[in-house]
2 protein chains.
Amino acid sequence: MPLAISKDSRREDFVQAAAALIADRGFHGTSIAAVADQLGVTKQALLHHFGSKERLYGEVLAGISDRMMAVLVEGQEERMSPEARLETFFAIYCEQALADSTDVRIIVRELMDNKQRAEQAGKWYLKPFLQELAAMVQDTGRWREASRNEAMLVAYQMLGAVSYFAISDPTLARMFGQDAHDDMARRFPDQVQYSLQRILGSI
Amino acid sequence: MPLAISKDSRREDFVQAAAALIADRGFHGTSIAAVADQLGVTKQALLHHFGSKERLYGEVLAGISDRMMAVLVEGQEERMSPEARLETFFAIYCEQALADSTDVRIIVRELMDNKQRAEQAGKWYLKPFLQELAAMVQDTGRWREASRNEAMLVAYQMLGAVSYFAISDPTLARMFGQDAHDDMARRFPDQVQYSLQRILGSI
DNA sequence: CATTTTCCTTACCAATCGGTAAGTAGCTAA
DNA sequence: TTAGCTACTTACCGATTGGTAAGGAAAATG
């Protein structure tokens, strides 16, 4: 009883269900039976499409990689200054991470886990992404003389600030109450923007 | 064949082994048998001391909580300005997180996981810690007029930047090579200090 | 109309999970 | 000397894990 129109869209259903569960419970905490259950089928249906849990996870990571690279170009325009480019990127990244932290949570888990899952697909997908960001930083007036590694640190620091806040969502809401958390989430993008401008020397 | 001198130190052996494994593989990815194996005993020896995996994990979190609160007071002196207090805190936190990221990795996993493990011990241990940091920020000249939530965001942002970099250690080393990573890790504390000063308005 | 392919099912499998039960060796205290 | 305690052990347990094998209904293809 296929519920999806095409083969690919059915696969995408599995990938999305897996991403949601893995973001919540982690790779080890997510069984393929639980993923299949989300679509109302048995785990053998999932294994039919992907062959193994690892392969399914690989497709989850591939999807994240695609979306990350898309954010890099989104909203970017020819005439923009490097400073404006970085502000645009972090504004969009921030907005997306706060709206749905699924990808960020999986990335963070992968950062910590991939030491185990040796030579896995998706291990290097962050590299061009980070290098592009570092290049942007190095193009700004304030960091023109900085080394590549110094520029990378500037980018990585802002990336970390946004990511950390995005994954803290459930804990902060519990700790300080939903209202306080909502207030913080509303203010957060401005805070990021302010810090970025201070660090880049724009203000 | 007890290998430790006292009962408490034997328990501490288990807690340390568990912390190392949980930091690496997560709670779900760490079996009590694997922890016991680190000490060369069977999992029943572990269960004899802690009764359950959850209880062992609770003690791991309690240890982290103690160490976090200790960092808050470490290096702080009476005559220090709020700005100097924050700089001191982040310098120490940064140093410790880079030297051994075990605690940070467990904290980050807990931030994402504790939605599942409902009403768990150690869920609120971060609260006084964060409130103390927010109070420090609110004492600075630049953020005196800010709301408590705005001040919290400033602190949280820096905490996130340091934590994210600390957990990225293995991935960054693989991505850019050990040398490049070491160079970044060496520069990172200064970068944090610079950003903090820019955000606090010290420079 | 017949055949193949797609997408799923039930029925298994060995391995591992957290945890219980029932000891046992060695030390301590009455 | 003996009773009890500590710190383990081996022997289990039911549940769950990822994965295989075989088959079946429906749709696509010849």
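The analysis underlying the following values was restricted to heavy atoms, covering all of them including side chains, and did not include hydrogens, waters or symmetry mates. Letters A, B, ... mirror the listed sequences (proteins, then strands); counts begin at 1.
When rounded to the nearest whole Å, the span between CD1 of B:Ile32 and C1' of D:dC8 equals 15 Å. A:Glu54 places its CD atom 8 Å from the P atom of D:dG19, with the value rounded to the nearest Å. What separates CD1 of A:Ile22 from P of D:dG18 is a distance of 10 Å, to the nearest Å. Nucleotide D:dT10 holds its P atom 15 Å from the CG atom of B:Leu47, rounded to whole Å. Here the P atom of nucleotide D:dG19 and the CZ atom of A:Phe50 are 13 Å apart, to the nearest Å. The CD-C1' distance, from B:Gln44 to D:dA7, rounds to 13 Å in whole Å. The distance from atom CZ of A:Arg11 to atom C1' of C:dT6 is 13 Å, rounded to the nearest whole Å. The CG-P distance, from B:Leu46 to D:dT9, rounds to 11 Å in whole Å.
Side-chain N/O atoms of A:Arg10 include none lying less than 4.0 angstrom from OP1 or OP2 on C:dT6. One finds no side-chain N or O of B:His49 lying less than 4.0 angstrom from the OP1 or OP2 phosphate oxygen of D:dT6. Neither OP1 nor OP2 of C:dC17 sits under 4.0 Å from any side-chain N or O of A:His28.
With hydrogens and angles disregarded, a donor-acceptor distance shorter than 3.5 Å links the side chain of A:Lys127 to the backbone of B:Met175. A distance-only check finds a donor-acceptor pair linking the side chain of A:Arg109 to the backbone of A:Asp24 [under 3.5 Å].
Aromatic ring pairs are classed by plane angle as parallel below 30°, tilted from 30° to 60° and perpendicular above 60°; the pair B:Phe165 and B:Phe188 is parallel. Ring-plane geometry between A:Phe14 and A:His49 is classed as tilted, the angle between the planes lying from 30 to 60 degrees on a 0 to 90 degree scale. Taking the six-membered ring where tryptophan is involved, the planes of A:Phe90 and A:Tyr93 are perpendicular, since the angle between them exceeds 60° and thus also 30°.
Distances from the side chain of B:Ser52 to the nucleotides C:dG19, D:dT9, D:dG18 place C:dG19 closest.
Place A:Lys43 and A:His48 on DNA chain C by their nearest nucleotides, and A:His48 ends up nearer the 5' end.
Residue contacts shown for B:Ser31 are limited to sugar-phosphate atoms, with no base heavy atom under 4.0 Å away.
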